Amino acid sequence: MTERARIDRYQPTEIEPRWQARWDELGLYHADLADSTRPKYYLLTMYPYPSGDLHIGHWYIKTPTDAIARYRRMHGYNVFFPIGFDGFGLPAENAAIKNNVPPAAWTMKNIENMRRQLRSMGATFQWDAEVVTCLPEFYRWNQWIFNQFLAAGLAYRAMAPVDWCPNDGTLAREQVEGADRHCWRCGALVEKRDLEQWFLRITNYADELLDFSGIDWPEPIRAQQTNWIGRSTGAEVVFRTAPDEHQAGGNDLVVFTTRPDTLFGATFMVLAPEHALVERLTAPGQKSVVAAYLHQARRQTEIERLSTDREKTGVPLGAHAINPVNGERIPIWIADYVLSGYGTGAIMAVPAHDERDFDFATRFGLPIRRVVAAADTTDDAPLDEAYVAHAKGERLVNSGQFSGLPAAEGLAQIIDWLAAEGTGKRAVNYRIRDWLISRQRYWGTPFPVVYCPIDGIVPVPDEDLPVLLPDNVDYAGSGVNPLSRDAAFLNVSCPSCDGPAQRESDTMDTFVDSSWYWFRYLAPHKDDGPIDSALVAQWTPVDQYTGGAEHAVMHLLYAREITKMMRDVGLVEQDEPFLRLFNQGQILGADGERMSKSRGNVQDPDELVQRHGADSVRLFLMFMGPWDQGGPWSPEGIGGVHRFLNRVWTLALDPQGREGGDPDAGKLPAAEDAAAAERSIRMAAHRTLRVVTDEYDGFRFNTMVAHLMELANSLFRYRGTEVAGGPAWDEAIRLLLLMLAPAAPHITDELWNRRRAATGQPESSIHAESWPSVDVQATATETREVPIQVNGKVRDRITVPVGIEPAELERLALARDRIREVLGGRTPERVIHAGGRLVNLVVREG
RNA sequence: GCCGAAGUGGCGGAAUGGCAGACGCGGCGGACUUAAAAUCCGCGGCCCGCAAGGGCGUCCGAGUUCGAAUCUCGGCUUCGGCACCA
């Protein structure tokens, strides 16, 4: 009978479900929301969409987050760690159309399966706080909050050119991707349509959203949001149309420019094809050309658009405008490189100092006039490309009374001059557009709005909420929103005049739900309001949020916006929802490609748990690399952490055992007696505790696991020796289990309690223990090995007492045979001691 | 084009001014076994050398420093985001 057979084998599939059930019984992970005696820690991870299956990517974000929750609890925090489901969304509707299953049934069945999967990873979610957004008890409050926004003017309905996907209907600007402008969900090319839709006024908050002070968010997210908001400063300048034979002139043509200093170089104007004045300004002789161009421009948005290297197109309107600074008459063109949605939809074109205008002017033979010159350039030096630099010593030229001024100074003076003349002013412009939240879909929150022929837009009174989604709707095998032909849903009486009226049939973008769901976790079933203000005041903002970076300008921007809107209607008091944000990386398939069913590289977590156990999967995901980095899934790598857990099992249960194969098994290291060995063990354990504590705090889980492996390896060297199983050993095992507990919760609780049982103690979960503290004495050493360098190259090393005098260290170093040989009689010009960590002898080469 | 992140063994990665390659995977050698698996021990940057040892080495090129993977400047490459935003 081998030594190994004396103890049970580590069988995760046997112990894991048992401990999961036990933790539920004990209620160990239930935050007492009313308890304010302990410091609170609101830990939030992005709730999943109930697609039906968790993939390994969900585990990659959720299991380290769970380790944070457990680690914080061990430090005495009252940790609130909820989970829920982002219930509304398109896949449910697609499944409904394809398989003729109601979206609600499909969604709830998937949620059931995902709950099981989430439990199988041993995560300590607070299930009684669960929020499912497609249930009326949640979306009712979407409607209620919408009414608040409507009353405050933060929600509005407007006719506007909107992004339209042929499959999915209207989209928010954030949901249109790429230069070719395709739909983020189905990939179809998106077109513009003029529609009346609902918007939330995110543009009100543009400046505030640019301010990240007080929150600790990753730089890439801040940069993406900042770019997306796209603040630029400059001036608005009013050009006036000049009289022509076909029109009297006198219309204001307002442009936005970031370069008012180049105003004297404006040699023509360009309007977006959709600009309101196009029709009025077009000369009779140009009508057919302009009409053809407008037609083509509209078609162009439907065909592939390759933006920057596309050749510029445009046609003149046959009308002119007056440049306010010099009274010059300049032609007005239309071109699709001017966008109707940005600025005023019209520009002053300064070909000398703008690349796009330069291209356009070159192509159509329009004049190019230099108005800025670098220090070494003459006033009229010809240009073979636009001069856009901001070099030192630049001056304005050909700019009337402003000529000769430094460019920066000229800019300020021109704005002042315009302001004095009443033809311009300083202005700020943003790229961001208001958030379009109308969706022509069934499976979402119905807008609580009724259209009455007499009273117009009438909100459904709060006491009549929720406006329920009808259960049984007929898709008739198509993607057309079934609500739009559901007479029972549509036909209502007006809440105001009681006359016949119609409900809004559009539903809200599901990002509305995810913009406040974390408030609802604190009181998921509250039925007299959306949130519990006292709990919200006590528990929010969220202390730590974890999730993917793909939501940088969608969910993560909307959540900030809605929090500010809720603040402004008096629902909450905070400015920001999430104090700290962490973006984990993405797990790729073993082939390094994005995981997808069609590639066949998807890793099923259920199967991994069956084979290796949840603890191994958790630990491997933490070990494979820095958490924010992600990377390809390694089918072999997981064996390494599984072996590590096996070794921990062996160390904890069988300290005296010996494995064949090691010639030195059972013997202490040559230089150590029993007392020295015990000191070594304690030193290893407490040094590990010091660094591992730091690594948990910094979410550096990969090195945390590596250091625990190192400790286990050290302990293995003492297995079977006289000190194994002794007090130092037991302390080290105890620390090892405590340090491993947040990451590998099942095996550690099992071993913890087997060891308790062996000494006659009653069961008590390791997860109710406190995080241990470092015994600084144990980590101290009396001697240290110091490398000796000559000219920066390590040539020897010596062991010296800690705290040795530099002069003594230097003397010892110079006395070494090896060093004398390398020095070859030379005397060091300089000696660096680096605080006793190293000696560097600097000698002249030669 | 603009913004952001990153380039280190066969592979994932460690070290953020002081011994490059911790820890793990894969590989090789050994112990145990009738054998295999499992387990345990050991060896693994490249080149020269039997070895001791030496030379080279963190994308490339300069620089700062006694000392640079780490800091500075210039360049290259990869990944992510934006993309005619006036």
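This structure is a prediction, so every number in the text was calculated from the model and none was measured. The chains referred to below are lettered A, B, ... by the order of the sequence lines, with proteins before strands, and numbering in each begins at 1.
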B:A52 versus B:C59 - spacing of their C1' atoms, nearest Å: 35 Å
Glycosidic class, syn or anti, of B:G45 using a 90° window around 0: anti
Check ion pair A:R700-A:D694 (N to O, under 4.0 angstrom): yes
Sugar-phosphate, base or nothing in reach of A:P626, heavy atoms under 4.0 Å: sugar-phosphate
Nearest-nucleotide 5' precedence on RNA chain B, A:R837 against A:M624: A:M624
A:Q225 CD to B:C82 C1', straight-line distance once rounded to whole Å: 14 Å
Interatomic distance, A:E219 atom CD to A:T226 atom OG1 [nearest 0.5 angstrom]: 8.0 Å
Gap between atoms CZ and P, on A:R9 and B:A37 respectively (whole Å): 16 Å
A:R433 CZ to B:C82 P, straight-line distance once rounded to whole Å: 17 Å
Identified side chain to side chain donor-acceptor pair (under 3.5 Å) partner of A:D163 from the options A:R181, A:Q175, A:R173: A:R181
Gap in Å between the two P atoms, one belonging to B:G53 and one to B:A5, rounded: 44 Å
Per-nucleotide protein contact string for nucleotides 20-32 of chain B, where B marks a base within reach and S marks sugar-phosphate only (heavy atoms under 4.0 Å, - for neither): --BBSSS---BB-
Nearest-Å distance for atom pair OH/C1', residues A:Y10 and B:U39: 17 Å
Worked verdict on A:V553 versus A:N227 for side chain to side chain contact (heavy atoms under 4.5 Å, CB included): CA-CA 9 Å; A:V553 295; A:N227 284 344; over 6 Å; no
Atom-to-atom span, CZ of A:F644 to P of B:C40 - whole angstrom: 13 Å
N/O (side chain, A:R818) to phosphate O (OP1/OP2, B:G54) under 4.0 Å: yes
Any A:K667 side-chain nitrogen or oxygen under 4.0 Å from OP1 or OP2 of B:C41: no
All N/O pairs under 3.5 Å across the protein-nucleotides 47-51 of chain B interface:
none

Gap between atoms CG and P, on A:N227 and B:G4 respectively (whole Å): 8 Å
Span that lies between the P atom of B:G7 and that of B:C71, in whole angstrom: 11 Å
All pairs passing ring-ring contact (aromatic ring centres under 6.0 Å, His included) where residues 335-362 of chain A contributes a residue, at least two apart: A:F268-A:F360, A:W333-A:F360, A:Y337-A:F360, A:F360-A:F364
Sugar-phosphate, base or nothing in reach of A:T226, heavy atoms under 4.0 Å: nothing
Base orientation of B:G7, syn vs anti, 90° cut from 0: anti
Spacing between A:Q629 atom CD and B:A6 atom C1', to the nearest angstrom: 8 Å
Between C1' of B:A86 and CG of A:L271, the distance in whole Å: 13 Å
